[in-house]
Number of protein chains: 2
Amino acid sequence: METVLIIEDDSTMLRGLKDNFAYAGYNVLTAADGEAGLNYALDAKPDLIILDIMLPEINGYEICRLIRKEKLDMPIIMLTAKGEESDIILGLNLGADDYMTKPFSIKELLARAAAFLRRRRQDQQDTYEFADFVFDIGARRLTRKKREIKLSPKEYKLLEFFVKRQGKALTRDEILNDVWGYNSFAGHRSVDRFVTTLRSKIEPDPHNPTFIHTLREIGYKFEPL
Amino acid sequence: METVLIIEDDSTMLRGLKDNFAYAGYNVLTAADGEAGLNYALDAKPDLIILDIMLPEINGYEICRLIRKEKLDMPIIMLTAKGEESDIILGLNLGADDYMTKPFSIKELLARAAAFLRRRRQDQQDTYEFADFVFDIGARRLTRKKREIKLSPKEYKLLEFFVKRQGKALTRDEILNDVWGYNSFAGHRSVDRFVTTLRSKIEPDPHNPTFIHTLREIGYKFEPL
DNA sequence: CACAACGGTAACAAATCCGTAACACACGCC
DNA sequence: GGCGTGTGTTACGGATTTGTTACCGTTGTG
């Protein structure tokens with residue numbers, strides 16, 4: 001189920017949004033101030049964020065900027081009472097994807113949200129194939145020539161991160177952030193250790209890696225073919 | 001350059017949109033009716049489509065539906081004179097990504113368009129090409145005629161610095177600052193040594209450098225071509 | 001031409017980095 | 001509790017990388 005995070009300080013509005021999104025079949029997280037909202041965003045990695053601009057503590061623009069700074073790319077729809085053109089453009093330039101002015105139609109908001117999530121679903125495949133492997137993310141299954149290869153939860157998340165970013169250079173920090181979580185205390189060498197075990201399970205010759213390549217001083221890079 | 005297709009039958013409006021998008025640096029295609037618009041969309045595969053709803057022949061909803069039916073997934077922003085909630089929702093459900101009601105701010109439209117294209121651009125990494133080399137920063141890879149050339153971390157950073165400042169005279173101090181870091185203790189001659197090894201890897205004839213030129217008493221200069 | 005300054009480069013020692021085995025701990029299960 | 005599994009840290013060893021030095025050719029200058 002897709003998760004929507006709603007960050008809004010007006011409790012009446014928040015309740016209304018929450019009920020509507022829940023009724024539409026989403027898993028809903030809510031936050032009443034910027035601090036909490038930002039933490040939820042970084043921690044739970046929702047699929048979509050509804051973000052009010054006028055918030056206590058940190059304002060919506062700042063939250064948007066910080067989320068993008070962390071390289072999180074879920075769609076963000078901003079809400080505001082102001083209808084100023086300059087505000088809208090500022091929001092969009094900071095990395096928001098859409099902008100609605102209060103009062104707005106809740107149905108339209110739901111439709112826009114659905115449009116973003118539909119697009120997102122298109123992009124994310126759930127099975128990847130490389131060499132004679134089939135990696136089914138939805139079913140949490142890795143097979144090689146029909147034979148299943150068992151992976152521990154962390155190995156699974158690591159491989160998932162690798163295949164989703166195949167061909168890209170990944171730093172240990174990026175890996176730690178995505179696979180271990182931004183608030184984990186794990187050290188850099190833990191990445192190496194899990195790469196070793198992953199290699200031992202999928203590489204024909206772990207000493208001459210075919211898929212997971214080491215990038216000295218940087219991290220790793222996954223390449224199929 | 002990114003291509004935008006504008007489908008709009010009102011010639012004044014079309015002209016205005018075309019000029020603004022062209023001025024913003026896009027390659028612009030225009031169509032005055034649905035038939036032509038659909039053909040352009042299927043043929044030229046633009047990166048973004050601005051689509052008016054009220055069109056002769058085929059209306060905008062139909063075009064949107066047909067485009068999605070062909071599995072083309074570029075973002076579509078719909079324009080309409082009607083502000084009916086039900087129209088907006090219909091449009092979004094048919095596969096449009098955004099919807100603006102006339103009269104709208106052209107600046108806001110540009111900002112929304114930019115937001116969609118920015119998302120798309122995130123995925124494609126920056127690469128530099130010179131002679132028969134391809135230097136892919138995202139994948140951290142240098143290739144010459146499809147064959148990979150291995151670079152040590154420092155060689156990589158040095159080449160990255162050169163490529164990003166191509167055509168500019170670079171002093172050893174600038175190079176040391178950027179590649180080694182401001183708090184490094186490395187001496188000036190270290191730069192020379194790494195230039196030598198870089199040359200040995202990328203210059204056809206290291207004694208007569210094509211790319212990395214020595215500037216006596218100054219430093220070096222990288223020039224492609 | 002002699003000389004000095006400069007850059008190219010081979011050689012080497014030191015530093016760094018990574019693969020991996022070993023260990024410690026936490027947790028769930030019987 | 002005892003056992004097996006999963007996870008994070010540490011330490012060792014080997015491989016690679018890096019900074020320096022020395023030597024030498026080149027260039028510019030008087």
Side-chain angles (χ1 to χ4, degrees), chain A residues 140 142 148-161 169-173 175-222, chain B residues 140 142 148-162 169-222:
Chain A
R140 240 168 189 269
L142 173 69
E148 178 157 7
I149 297 172
K150 291 196 71 174
L151 295 180
S152 82
K154 200 117 292 187
E155 288 159 10
Y156 174 84
K157 285 191 82 171
L158 180 60
L159 181 58
E160 178 178 343
F161 186 58
L170 305 170
T171 67
R172 288 188 176 74
D173 279 329
I175 297 172
L176 277 171
N177 259 301
D178 248 73
V179 178
W180 272 257
Y182 79 103
N183 50 3
S184 152
F185 288 92
H188 280 186
R189 301 307 310 279
S190 294
V191 178
D192 299 349
R193 183 181 127 31
F194 275 87
V195 166
T196 299
T197 64
L198 238 195
R199 277 184 177 148
S200 74
K201 295 190 177 183
I202 69 172
E203 294 282 4
D205 174 10
H207 292 274
N208 280 48
T210 316
F211 308 117
I212 306 175
H213 300 272
T214 303
L215 305 177
R216 189 173 234 254
E217 284 206 313
I218 301 294
Y220 298 92
K221 178 170 62 169
F222 180 85
Chain B
R140 192 161 241 264
L142 174 69
E148 180 156 4
I149 298 171
K150 292 193 70 174
L151 296 178
S152 82
K154 201 118 291 184
E155 289 158 11
Y156 181 88
K157 284 187 86 171
L158 181 60
L159 180 58
E160 182 177 349
F161 186 60
F162 276 144
L170 305 169
T171 68
R172 287 187 177 74
D173 278 329
E174 289 175 310
I175 297 172
L176 277 170
N177 259 299
D178 238 75
V179 178
W180 271 257
Y182 70 100
N183 51 1
S184 154
F185 288 92
H188 280 187
R189 301 307 311 282
S190 295
V191 178
D192 300 348
R193 175 181 143 13
F194 276 89
V195 166
T196 299
T197 64
L198 237 196
R199 277 181 175 148
S200 74
K201 294 191 178 182
I202 68 172
E203 294 283 5
D205 174 10
H207 293 275
N208 281 48
T210 316
F211 308 116
I212 305 175
H213 301 275
T214 304
L215 305 177
R216 191 165 228 261
E217 304 232 43
I218 305 290
Y220 299 92
K221 178 172 65 167
F222 180 84

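Chain letters run A, B, ... following the sequence lines, proteins first, then strands; residues in each count from 1.
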Whole-Å distance separating the [atom1] atom of [X] from the [atom2] atom of [N]:
X	N	atom1	atom2	answer
A/His213	C/dC18	NE2	P	16 Å
A/Phe194	C/dC18	CZ	P	18 Å
A/Arg172	C/dC17	CZ	P	9 Å
A/Phe185	C/dA26	CZ	P	16 Å
A/His188	C/dC17	NE2	P	11 Å

So, [X] side chain and [Y] main chain: donor-acceptor pair closer than 3.5 Å or not?
X	Y	value
A/Lys157	A/Trp180	no
B/Glu155	B/Phe194	no
B/Glu203	B/Asn208	no

Give the C-alpha distance, both sets of side-chain angles, the deciding distance and a yes or no for side chain to side chain contact (heavy atoms under 4.5 Å, CB included) between B/Tyr220 and B/Thr214.
-> CA-CA 5 Å; B/Tyr220 299 92; B/Thr214 304; 3.7 Å; yes
A/Arg172 versus A/His188, closest heavy-atom pair with distance | CD-O, 3.8 Å
Heavy atoms only: give me the nearest B/Arg189-B/Asp192 pair and the separation to one decimal.
-> NE-OD2, 2.8 Å
Review item, nucleotides 20-23 of chain C N/O atoms under 3.5 Å of protein N/O:
from: C/dT20; atom 1: O4; to: A/Arg189; atom 2: NH2; distance (Å): 3.2

CZ of B/Arg140 to OH of B/Tyr156, rounded to nearest 0.5 Å, is 5.0 Å
Any side-chain N or O of A/Tyr220 less than 4.0 Å from the OP1 or OP2 oxygen of C/dC17?
-> no
Give a yes/no answer on whether the side chain of B/Ser200 brings an N or O atom under 4.0 Å of OP1 or OP2 in C/dT9.
-> no
Nucleic acid contacts - residues 149-157 of chain B versus DNA chain D, non-hydrogen atoms under 4.0 Å | B/Ser152, B/Pro153, B/Lys154
Taking the side chain as every heavy atom from C-beta outward, state whether B/Arg199 and B/Val195 have any pair of such atoms under 4.5 Å apart.
-> yes
Note: chain B reaches DNA chain D at heavy-atom distances under 4.0 Å over the stretch, first to last nt, 5' to 3', of D/dT17 to D/dT27
Please work out whether the ring planes of B/Phe222 and B/Phe162 are parallel, tilted or perpendicular, with thresholds of 30° and 60°.
-> parallel
Out of A/Leu198, A/Thr196, A/Leu159, A/Leu158, which one pairs with A/Ile212 under the side-chain contact (heavy atoms from CB on, under 4.5 Å) rule?
-> A/Leu198
Side chain to side chain contact (heavy atoms under 4.5 Å, CB included) between B/Tyr182 and B/Asn177, intermediate numbers included | CA-CA 5 Å; B/Tyr182 70 100; B/Asn177 259 299; 3.5 Å; yes
